[in-house]
> 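Let me begin by handing over the structure; questions about it come next.
Below, chain A is the first sequence line, B the second, and so on; all start at residue 1. Since this is a predicted model, take the numbers as computed values, not measurements.
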Amino acid sequence: MVPERLQDFKLKPLKCELNFLSKSDGSAILSQGDTVVLASVNGPLDIKTTSQNIEKATLEVLFCSKEGKPSVADRFKENVIRNTCETAILGCLYPRTGITLTIQELENYGGLLTCAVNCACLALINSGVGMRHVVAAVSCAVNEVGDLVLEPTQQEAESARALLYFVFDSRDKNLVTGFTEGTFSEDTYEEALVRCRLASDFVFQFYRDVVKKYSNVI
Amino acid sequence: MREQFLSNCEKNFIKKIILEGHRLDGRNYDESRKLDICFGSEYGSCIVSIGETKVLAQVSCEVVQPKQIRPNEGILYINVEISPMAAPQFEANRQTDLTVYLNRLLEKCYKDSKCIDLESLCIVVEEKVWSLRVDLKILNHEGNLIECSSIATLVSLAHFKRPDVTRSGESVIIHTLAENDPIPTVLYHYPVCLTFAIFQNNVLISDPSYIEETVCTSTTEDGNTIGGLLVVGMNQYKEICLLNHTEAAIHNSNIVHRAIQSAAERSKSVVDLIKAEIIRDDNLRQKRTKINFSDIITTNHVQSLSMKDLKICLKNYNINDIKMEEDNSPTEILDDKQDIKPEKSKYDVVASLPQTAEIKAKEGASTWIEISSESDVDSS
């Protein structure tokens, strides 16, 4: 039983480079398996008075897909990423300013949204914006048989009965964002939550490794 | 955020060193930055970088109804997008003058020069044709966007393959990539837009960087424009496909000739490189090697101010030479310095990284501003 369980926690190989772009304050390119995302952060900078907030920084998120016109799906992803990152950023340190986060899809082979959230977090770390905690996104699918599959591929996601996305914070592993597609039982949800929480440790460990690698030269 | 303006000081400095024959990054007048092309997993997707300027291009296709006036021709559509990722001064989802200008230049260069065989994109006359859409995303704006995005357009179009189509009676079957081998786009010739910055009507600079572009198109203190940008579109047969000039007028036609001659050489080398890269990529794909954008993530480029990125270079300064000296006798150099300058400066130049140095203030309180209460005491 044990080896099977260990296999369940396997995430796709992560690869990351910080400071990919020279003009942005912070940028990161992250690949999770074959999915690749590029993120850049600019800020805090001055913005229009109409969008200024006197209590905290305004976070603007832009998600660009690789081809075609901007779609509703892109707006949905922007919303998820904005809500997630707003809780992570210490916006009260920069009142009346704006922080812009731009995310560019480079390759999509499943798990685009989790990759985008993780990449955005790495870009925020690189930009040096004050943060309460870092976030890690992990997704999970319930396949036709009813088994849980961590980080599903595109084919697995398409044939899955349900898809569950979770984002955890680094301090207490609390749930920051969670949303689901499809139908599933309450027990499945609980189990998926526990498994994804365990898996998020790997992502946080990866963040630590990346920061460690870059911290002695920056 | 508004664009950051250059100070007069910076402007004058750049202008002066360029007229004296130097450039900020140590290049010669006719030297371009390194051109790099890498491909994504899909056909027609690539990232082209010139120095630190990066552009992502992706071609997609769909079957549409042709235009009424051209019933047997496919449609080519070019779309440039500049997001805040390129530089902080750009706003999201807003068309700027720069986007419109870039779009129009690329349309002139690739649509109006008729380099693509649009008739081969026709499936059924007056009913079904392929429409190719090139999406360009500017990832990083470090100058010379025109050249970078034009190379990206060309590479992605040359790399793109559309699905095969068979007609059986009235119906049209579009085969997936697994069923039938996809068909490459037919290109008659390969035009490339090359940018030149003209300073004071006699100095011609190829591949201007961001700061050079800004200085070139700005005005001096006495209200005159310093120079202008000249775009030359040229194919590998040395035929001109496009000429575009902005800002200050050119007084002598000689400079245009020089630009065209220089463009002829460069366009040939660029097109050769593009063809070689596409053949290399094709061979890799035939061997079923996985090609993915994740290949551009490297670990040998950790520091932001690595040798490759060192923005300001001196012509007579070789990083490797300096390293050697430092390795041989680091103590001697320090001693020499102390001998020459017995009076110690307030700042130390400390070697922080192998290739860079930083200025550090010495320990202790600054003696620069002395707050003495004695004079106050005397006067009172």
> Donor-acceptor pair, A:Lys15 side chain versus B:Asp295 backbone, under 3.5 Å?
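No; judged by distance alone, with no hydrogens or angles, the pair does not exist.
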> Would you sort out whether A:Leu106 and B:Asn292 count as a side-chain contact (heavy atoms from CB on, under 4.5 Å), showing the intermediate values?
CA-CA 9 Å; A:Leu106 293 181; B:Asn292 193 290; over 6 Å; no
> Tell me, for B:Tyr210 versus chain A, whether the close heavy atoms (under 4.5 Å) come from the side chain, the backbone, both or neither.
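Contact with chain A is through the side chain of B:Tyr210 alone.
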> Quick one, A:Thr100 and B:Pro88 - any side-chain contact, counting heavy atoms below 4.5 Å?
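SC-SC contact between A:Thr100 and B:Pro88 ruled out.
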> With side chains defined as the heavy atoms from C-beta onward, is the minimum distance between A:Phe20 and B:Asn140 less than 4.5 Å?
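They are not in contact (no side-chain heavy atoms under 4.5 Å apart), so the answer is no.
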> Would you kindly say whether B:Glu142 and A:Ser22 are connected by a side-chain donor-acceptor distance under 3.5 Å?
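Their side chains do contain a donor-acceptor pair, which is all the 3.5 Å distance test asks for.
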> Most heavy-atom pairs under 4.5 angstrom with chain A, which of B:Gly40, B:Ser294, B:Ala57?
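Greatest number of close heavy-atom pairs with chain A: B:Ser294.
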> With a 4.5 angstrom heavy-atom cut-off, could you sort out which part of B:Thr53 is near chain A: side chain, backbone, both or neither?
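B:Thr53 has no heavy atom closer than 4.5 Å to chain A.
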> Measuring heavy-atom distances to chain A, does B:Leu56 have an atom under 4.5 Å in its side chain, in its backbone, in both, or in neither?
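Answer is side chain: those atoms of B:Leu56 sit under 4.5 Å from chain A.
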> Would you verify whether the NZ or CZ of A:Lys66 falls within 45 degrees of the ring axis of B:Phe293 while also being under 6.0 Å from that six-membered ring's centre?
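No, a cation-pi geometry is absent between A:Lys66 and B:Phe293.
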> Can you say whether B:Ile296 sits under 4.5 Å from chain A via the side chain, the backbone, both, or neither, judging by heavy atoms?
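For B:Ile296, the contact with chain A is made by backbone and side chain together.
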> Measure B:Ala86 against the heavy atoms of chain A and call it side chain, backbone, both or neither at under 4.5 Å.
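Only the backbone of B:Ala86 comes within 4.5 Å of chain A.
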> Go through the atoms of A:Leu62 and report whether side chain, backbone, both or neither lie under 4.5 Å from a heavy atom of chain B.
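Only the side chain of A:Leu62 comes within 4.5 Å of chain B.
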> Minimum heavy-atom separation for B:Met85 and A:Leu21, please, with both atom names.
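Minimum heavy-atom contact is CG-CD1, 3.6 Å.
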> Is A:Leu38 close to chain B through its backbone or its side chain, or both, or neither, when contacts mean heavy atoms under 4.5 Å?
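It is both, since atoms from each part get that close.
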> Going through the distances and angles, do A:Cys16 and B:Ile297 end up as a side-chain contact (heavy atoms from CB on, under 4.5 Å)?
CA-CA 6 Å; A:Cys16 170; B:Ile297 304 174; 5.5 Å; no
> Which pair of non-hydrogen atoms, one from A:Cys64 and one from B:Lys137, has the smallest distance, and what is that distance?
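In terms of heavy atoms, the two residues are closest at CB-NZ, 4.2 Å.
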> Do A:Lys23 and B:Phe90 form a cation-pi contact, if we require the NZ or CZ to be under 6.0 Å from the six-membered ring centre and within 45 degrees of the ring's axis?
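Not satisfied by the 6.0 Å and 45° rule.
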